[in-house]
Structure formats: C-alpha cells, structure tokens
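Structure, as structure tokens:
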2 protein chains.
Amino acid sequence: MSEQQSYPSVWTRPRRTRREQPSLSREQIVAEALRLLDAEGIGALSMRRLGSQLGSVATAIYWHVANKDELIELVVDEVFGEVKVPVAGSRAEWREAAATLARDWRAMILRHPWTVHALDEMVSAFHGPNSLRLSDEMLALFEAAGFDLLEADHAGKTLISYVLGIATSEAAALSKLARGDQSEREWIQSLWPSADEAARDHPRLRALYAAYRDADPGKNREDSFAYGLERVLDGIEARLPRS
Amino acid sequence: MSEQQSYPSVWTRPRRTRREQPSLSREQIVAEALRLLDAEGIGALSMRRLGSQLGSVATAIYWHVANKDELIELVVDEVFGEVKVPVAGSRAEWREAAATLARDWRAMILRHPWTVHALDEMVSAFHGPNSLRLSDEMLALFEAAGFDLLEADHAGKTLISYVLGIATSEAAALSKLARGDQSEREWIQSLWPSADEAARDHPRLRALYAAYRDADPGKNREDSFAYGLERVLDGIEARLPRS
DNA sequence: ACAATGACTCGCACGGCGTACAAGAGCCCG
DNA sequence: CGGGCTCTTGTACGCCGTGCGAGTCATTGT
C-alpha cells in the first residue's frame, strides 16, 4: 500500500480495494504509537515514522488527530487506563488498597517510561476519560477511609505526588539506560570518577556509594520505594479520625 | 559581529578587535541559555537562537560544549545551586530545616519550570558539583536528626520524591499556561465541559470541582503542598529513634 | 444515471532543528 | 617568519511537524 511502483498496464494494476472501511483509524494510530513508544522511546515517535509503520504517510494521520501533541494525549490517557483502583470496604482494607494503587501506578510508569517526557500532554490528558475515572476512584478510596472530600483530595495528591516523583526519577534513569547510551556496567563505572571526586568534599556520599557498591540496583529501587511508601501512608493514616 | 555586510574599504571596516579574551565562554553560554529558558521555556532554546542571542552562530557553541544535552546538564546543575540546605544542630530543629529545604526546592522548580522537560539531562546532572553538594548536605541533615546513613538516604529520597512529584505537576501546568496556549480564564472554562461530562459518571469529581470553583488556584496549590509536606514529615519523624 | 458531497489519503513544500566537517582568523612560541 | 593552538564561521545533511491542495473513493440526492 505504501509502495508506488508503476504498473505496466491497467490490467495488472491491482483493483483498488473497495474502501470497506477507512484504512486508518484513531484507535489503530494510538495503538501503533503506543507500541513505538514502549519499544523505542519518545525519540522514535515521529509522524513520518508512525505513518510508515502504519503503511501510510505522516500527513494521513492528521485527518484523525489534530497534531502530535493531541496524539500523545490520547496515548497517555490510554496508559492511564491500565491503572485499576482497588475498592476498600473497610478502613482496615484502606491502607493495603492505597499501597496497591501506589505500586500499580509506579509499575505503569516503569512499563511506559516515556510518559516522563510527555508531562505537558499529561496535563491535558488529565481530562481524558481514563484519568477522570482514576481520579474519581481514588477520591472514593480516601473518602471510604474516613476523610472528607477536600482532605481526601489532598491526601490522594500527596500519595500520587510521592509515586510520581520517585517513579519519574526511576523511569528517567531507566529510559536513559535503555536508549543504549551506556550499559549498566558502564553506567556504574561512569559514576566512580565523580564519586572519587566527591569523596574529597563529600565524605557521606562516598560512604553511601560504598554501601551500595555491590547491591542489586533493581532491588535497591524497590526497597527505596517501599520505604517511602510506608512513610507516606503512615503520615496520612495518622490524620484519620480515630476509629 | 553577526552581520556580514561587505565594507567598501579597508578603512571603514572595523579593525578586528584583538582577541583579549575569547568572545564566548562556557559560563556565558550557560547564563544566556538559562535566561532563555526562564524567559521563554524549553521550546525557545535552540542552538541557533542561543548563538544569535550571543552575537554569534550556533556552531560556535560546540567548541565550549559537546552538544545540546550537555549544555542543558550544565544549566540544570546551575539551578541546583540555588537550593541551600539549612543546617540543623538539634533534632528539634530538624523538622523545620527539612520543611524549609522542601519549600526551597519546590520554589526553585517553580522558578524554572522548564526543568520538568529536562529530566533525562537531570539524571546526568546529578553528578554535577551542585547536586553532589545538595545530596551530601541533605544526607547530613537527616543523619543529624538521628538516622543512620542508609535510612537517611531513604528518608531524604522520600521527601524529595514528594517535592519533585508535586512541583513537577505544578510546573507542567504553569509552563503550559505560560506558553500562552490559553489564559487562566480560558483554562478554567476549558475545564468545565469535561467537568460536566464527568458529572455524569463521576459525582465526586463534580463535588470537588464545585468546592474549588471560586478559590484562588495559587493558594490551593500552596495549601495542597503544605498539607502533603506535613504528612510526609509526620511519616518520617515517626521513624526517628525516640529521644 | 449522474452529479455532488463528504470522508479520507497522499505529495509537495516550508521553515525549523542538531550537528559533522572543513576552512578560516587571530594569537603565541619557536 | 612560520607553524601550531584556540576559537569562530559557513556550508551542508538529514531529520522534524504540519499547512495546503489535489486526488480517490463510497455514498447520497436528484
């Protein structure tokens, strides 16, 4: 469909497939964009590339989508759809439900680290159906725990700010690694010169690096996330009206 | 210096200013880049634009800086330099010191909302001198409070993850507004259709929007940040060995 | 039966981008 | 005087997003 060889005769030219349905659709475009983003990161998503991946051309996309930003908004709302909010009937269940939500949200960001580079579009995507649902369900979760509406909003924002902050750092590092600038070995090695340099003026940093020297970085990130999550939940739980 | 008119005579042509010192320097380039970023956002920073702003051309910059990413790393470390960590002698002072640090850090991000789009470069910039100092001083702050090295690291990461997460959201919204896509009035109006839409399926969201209807958005953000900050500090403080 | 409309797709062109590369220009040291 | 060092410039390449007009169907109105 994309190759334009010149056919020698009308007869050999393939009859235009009757247009049973449009060859492009918004869903198809969004799906392929998501595939590209997950596979190769934000740098690989260009309208030209996306068009050819769809067996078409860049400009054809503009019928279905206003511009690239809008396309990314759609993809962002799509991945918001992957986060499910657990329902908690009792206050006892609330803490575990909130923790599960936080872990799922972080996992979603780490599955799609390019979201980190789409923050502008995320602002708009917050009006998408999936993020509206997410916000609403989260509000419900915190209300069920015993907060009134406004404090439920604040508490929820607190939790997701923590998740967003830490997952964003992780995702940025991971996607930088994944883009193949350097392997994990080289990454650590590139750290050591500045660590030595730092040793002169910053003894605490040196001690910290030494402590992390031979640890599994993935496990470190998990532990660090889990630690902070407990602290944030502690702080929020302390505000709950005593049962 | 950038205009290349042909002079009619050797005499009218300005004598090449003897090169007392190079006409460009890394410091100068970084400073001008920062000015551009603060004034017009990340979209306005192109090597060509920066070059002409410096009375030169884009390619001249590459003598002083390897590439655009490295330039941004330098600017990012520069703004890290704006954050000062208060020293806390006693445990009693720790909480206020940590809160001050968090507020300063957020203020820095809101002063330079483009940092939000430079996350990849921030990962590298974490090896810059200013961020090393920042990390070290923060570690010291949490150690002084009574944590051992590793928990000080975790607790510090928790606090800055929260700050980063919430300030990032704020900055993304602010810089999108600032880019003039729409005024604050239009922004709120553009919210209402989707709020009405949301009302159908998401009654809690509607109630929340109504509650925020006539409030000052700036103050809301302040309150929200302050609330979460207290919760996070509560959660961390609860882990301190009892005095 | 035929024309008109609307839904899509495509080709072309514009102005911008980062940056590789090579040629200069001014200066210092021999 | 001449070579080499430091720094600046011009040119060029291959990308990018997207506005615009022309083309290609399927459907609808007459």
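Reminder, nothing fancy here: chain letters follow the sequence lines and each chain counts from 1.
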In whole Å, what is the span from the [atom1] atom of [X] to the [atom2] atom of [N]?
{"X": "B:I29", "N": "D:dC7", "atom1": "CD1", "atom2": "P", "value": "11 Å"}
{"X": "A:I72", "N": "D:dC16", "atom1": "CD1", "atom2": "C1'", "value": "13 Å"}
{"X": "A:E70", "N": "D:dG17", "atom1": "CD", "atom2": "C1'", "value": "15 Å"}
{"X": "B:N67", "N": "C:dG18", "atom1": "CG", "atom2": "C1'", "value": "9 Å"}
{"X": "A:K68", "N": "D:dT18", "atom1": "NZ", "atom2": "P", "value": "8 Å"}
{"X": "A:I61", "N": "C:dA7", "atom1": "CD1", "atom2": "C1'", "value": "17 Å"}
{"X": "B:W63", "N": "D:dC5", "atom1": "CH2", "atom2": "P", "value": "11 Å"}
{"X": "A:M47", "N": "C:dC12", "atom1": "CE", "atom2": "P", "value": "19 Å"}

Phosphate OP1/OP2 of C:dT9 contacted by A:H64 side-chain N/O (<4.0 Å): yes
Sugar-phosphate, base or nothing in reach of A:L45, heavy atoms under 4.0 Å: sugar-phosphate
Touch class at under 4.0 angstrom, heavy-atom based, for B:S46 against every strand present: sugar-phosphate
Single hit among A:V30, A:L34, A:D69 for side chain to side chain contact (heavy atoms under 4.5 Å, CB included) with A:L74: A:V30
Base of C:dG16 paired with side chain of B:R48 (donor-acceptor, under 3.5 Å): no
Check: D:dG10 base within 3.5 Å donor-acceptor of B:T59 side chain: yes
Charged N-O contact under 4.0 Å between B:R204 and A:E137: no
Within 6.0 angstrom of A:R206 CZ, more than 12 heavy atoms from elsewhere: no
Candidates D:dT18, C:dG18, D:dT9 - which lies nearest the side chain of B:S56: D:dT9
From C:dT9, D:dT18, C:dT19, nucleotide with atom closest to A:A60 side chain: C:dT9
A:S169 side chain vs A:G165 backbone, donor-acceptor pair below 3.5 Å: yes
Between A:T100 and A:K84: side-chain donor-acceptor atoms closer than 3.5 Å: no
